[in-house]
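Each ligand, and each atom within it, is numbered from 1 in the order the structure gives.
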Amino acid sequence: MNALKTALAERRPQIGLWQALANPYTAEICAGAGYDWLLFDGEHAPNTIQTLLAQLQAVARHPVEPVVRPAVGDPVVIKQYLDIGFRSLLVPMVESAAQAEMLVAATRFPPRGIRGVASATSRASGFGADGGYLARAHEDICLIVQIESRAGLDAIEEIAAVDGVDALFIGPGDLAGALGHLGNPGHAEVQDAIAGALDRVQRAGKAAGIFALSPEDARARMAAGACFVSIGTDIGVLMKGSRGLLDALKG
Ligand SMILES: O=C(O)C(=O)C[C@H](O)[C@@H](O)CO
């Protein structure tokens, strides 16, 4: 049972932390911090299938859901990520129902979809030990798609209507760039677009998520109904903590 998938279906807030260090040690430390989910970034972090596997194994003993972001919504990459044991996906730059439907199909074995079958050698099936994996793997898949372009904003309702999409997640950084405010997600036009998008997602009957820019931002987004919210990154924590410690000594 995928607790994150269930919580999002029930609209219970789920707090996450981005993992961009591509390191199993820091992932294991963050896994013990109490977050509901950790995002392992294959888009903007120096991750490979091997580094992602090492991080997945490092956090396995903690009650936290590993969510992986492929660099692109490619069925081949999704197949590999599911085979090593990820169940929850955050797919960037989704802009149409057709694209969302392809992503759902990529997470399902035939006849429901197109996911390739290698259960005897995949970690996800216990290397073949789980004889029921092929039949029920789709039940635990949590598919979250990113809305972070003008086209994505325009297609929110049609994307939300796709069966198998569990949540729609706003990427403020890319959205700011798409709206002509690169590097300035706090711009009024971007903030208005984000607020409207989060409302539309919920009205369309799906869970809404966002990459929050601060704990204060996260509180405001959750007050507005977002329930899949990341509140920072491992890199940000390390940058702030390392510099803050020195500053505290120097007074
Ligand atoms: O567009 C965004 O913002 C996101 O999708 C989040 C970023 O990619 C994440 O790497 C934090 O910078």
Just wondering, do [Y] and [X] contact through their side chains at under 4.5 Å, heavy atoms?
X: Leu82; Y: Arg87; answer: no
X: Leu17; Y: Trp37; answer: no
X: Asn2; Y: Glu65; answer: yes

Atom indices of ligand 1, in the order listed, that fall short of 4.0 Å to a heavy atom of [X]:
X: His44; value: 8 (O)
X: Gln146; value: 4 (C), 5 (O)
X: Glu148; value: 1 (O), 5 (O)

At under 4.0 Å between heavy atoms, what of Glu43 touches ligand 1? The answer is neither
Between the CD1 atom in Ile231 and the CD1 atom in Ile210, the distance rounded to the nearest 0.5 Å is 13.5 Å
Return the residue, atom name and 0.1 Å-rounded distance of the protein heavy atom closest to [atom].
atom: atom 12 (O) of ligand 1; result: Phe211 CZ, 4.3 Å
atom: atom 1 (O) of ligand 1; result: Asp174 N, 2.9 Å
atom: atom 8 (O) of ligand 1; result: Arg69 NH2, 2.9 Å
atom: atom 9 (C) of ligand 1; result: Trp18 NE1, 3.6 Å
atom: atom 3 (O) of ligand 1; result: Gly173 N, 2.7 Å

Would you say Leu182 has more than 12 foreign heavy atoms packed within less than 6.0 Å of its CG?
no
What about Thr233: any of its N or O atoms under 3.5 Å from an N or O on ligand 1?
no
Look at the aromatic rings of Phe228 and Phe169 and report parallel, tilted or perpendicular, splitting at 30° and 60°.
perpendicular
Please work out whether the ring planes of His187 and His181 are parallel, tilted or perpendicular, with thresholds of 30° and 60°.
parallel
